[in-house]
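A, B, ... follow the sequence lines: proteins, then strands. Residue 1 opens every chain. Remember, predicted model here, so these are calculated numbers, not experimental data.
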2 protein chains.
Amino acid sequence: MVQSHKSAEHYASLLRAHQLKATPQRSAIAEALEIHGHLNIEALYELLKQKLPTLSLATIYKNLHSMIDKNFVAEVKLPGAKSVYELVKEQHSHLVCEKCGKVEDISLTLEYCIDEANAKSNFTITQVDIVLRGRCHQCQ
Amino acid sequence: MVQSHKSAEHYASLLRAHQLKATPQRSAIAEALEIHGHLNIEALYELLKQKLPTLSLATIYKNLHSMIDKNFVAEVKLPGAKSVYELVKEQHSHLVCEKCGKVEDISLTLEYCIDEANAKSNFTITQVDIVLRGRCHQCQ
DNA sequence: CTCTGTGCAAAGCGTTTGCAAACGA
DNA sequence: TCGTTTGCAAACGCTTTGCACAGAG
């Protein structure tokens, strides 16, 4: 298991930088997402209950919403699976293993896609969401 | 409003070609998706109730599932919006207007993305789902 | 001290299921 | 005719809400 090397204050500052009050629940969510990268709501709840036994699902829902509103967390909708949540970072795309479901980030050059889409359509493209599917190294 | 120029038998044949019994409800779903391109469940229900007043939501859910199982219909998950459904066609990507929500198809060259992802990751990519967001011609 | 966040329980809402009747092949 | 589909209503599960108490700033 990956361990955190960040202090509680690290997450509190991150939260405050996004106009979010720093509570233990929110810090725990931030830490879990930073460590695990991508988690769905159920996984997040199971994970956090270990450290915060009284944590309620409602709190997770409320906090994910406020974190998304403040652009601190993003929801990643995956084809044929539950949404996962991640900390907002620089623009990136997602790889999903079709066998084990693992999600990884990948940085792709998107100019080509955007240019082609602008040329072929009447839209002015501002954003590209890409989900790549395939087999991860272990599942080949 | 776009009107259909296909006979009822056209949709019945399409359905049978996908191992689906041709019922009026299914033909109506196929027709609506062919005419409108992309519809969410609520829009589909409202539309179809006009022609089939006794149609139930449960029937739409059951049929969409069997149509997806038979690879006749595909679900398109959109960031921050309800899923829409479309008839399965050749591989293509989606454009979504961030103002009016309109969804259009676009054919993009994906080799570049796939090659780059294969080169930069340990995954063997088999599929790429791209959702482009921006402003459509009317909403610029 | 004040306002926001938390946890619990209840409510809400979209989706699924069970079943009898209707229907397609 | 036989197996599938339909429509209804009930059940389900995930998400949201209301509220009293606790906690952050």
Quickly work out the [X] [atom1] to [N] [atom2] distance and round it to whole Å.
{"X": "L48(A)", "N": "dG5(C)", "atom1": "CG", "atom2": "C1'", "value": "15 Å"}
{"X": "D69(B)", "N": "dT16(C)", "atom1": "CG", "atom2": "P", "value": "11 Å"}
{"X": "Q19(A)", "N": "dA24(D)", "atom1": "CD", "atom2": "C1'", "value": "16 Å"}
{"X": "Q25(A)", "N": "dC21(D)", "atom1": "CD", "atom2": "P", "value": "18 Å"}
{"X": "L57(A)", "N": "dT6(C)", "atom1": "CG", "atom2": "P", "value": "13 Å"}
{"X": "H65(A)", "N": "dG5(C)", "atom1": "NE2", "atom2": "C1'", "value": "16 Å"}
{"X": "L52(A)", "N": "dG5(C)", "atom1": "CG", "atom2": "P", "value": "17 Å"}
{"X": "R26(A)", "N": "dT4(C)", "atom1": "CZ", "atom2": "P", "value": "11 Å"}

Of I106(B), L108(B), V103(B), I130(B), the residue whose pairing with L95(B) passes side-chain contact (heavy atoms from CB on, under 4.5 Å):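 By the side-chain contact (heavy atoms from CB on, under 4.5 Å) criterion, L95(B) pairs with just one of I106(B), L108(B), V103(B), I130(B): I106(B).
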
Could you tell me if [Y] and [X] have a donor-acceptor pair between their side chains, going purely by distance under 3.5 Å?
{"X": "E116(B)", "Y": "T109(A)", "answer": "yes"}
{"X": "K99(A)", "Y": "Q140(A)", "answer": "no"}
{"X": "Q25(B)", "Y": "T59(B)", "answer": "no"}

K89(A) and E34(A) ion-paired at < 4.0 Å: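 Salt bridge flag = no for E34(A) with K89(A).
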
D129(A) bridged to K77(A) by N-O distance under 4.0 Å: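 Salt bridge absent between D129(A) and K77(A).
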
Sugar-phosphate only, base, or nothing, as touched by T59(B) at under 4.0 Å among non-hydrogen atoms: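 Base contact.
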
Sugar-phosphate only, base, or nothing, as touched by E42(B) at under 4.0 Å among non-hydrogen atoms: nothing

Near-ring test H94(B)/H92(B), centroid separation under 6.0 angstrom: yes

First of K82(B) and A58(B) reached from the 5' end of DNA chain C, by closest nucleotide: K82(B)

Polar side-chain contact K62(A)-dG18(D) base: donor and acceptor under 3.5 Å: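 Such a pair exists between side chain and base.
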
With the criterion being N/O to N/O and under 3.5 Å, what pairs connect the protein with nucleotides 23-25 of chain C, and how long is each?
from    : atom 1 : to     : atom 2 : distance (Å)
dG24(C) : O3'    : A22(B) : O      : 3.4
dA25(C) : OP1    : R16(B) : NE     : 3.1
dA25(C) : OP1    : A22(B) : N      : 3.2

Under 4.0 angstrom between N63(A) side-chain N/O and dT6(C) OP1 or OP2: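 For dT6(C), OP1 or OP2 has a side-chain N or O of N63(A) closer than 4.0 Å.
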
T54(A) side-chain N/O to dG7(C) phosphate OP1/OP2 under 4.0 Å: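 For T54(A), the contact criterion (side-chain N or O under 4.0 Å from OP1 or OP2 of dG7(C)) is met.
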
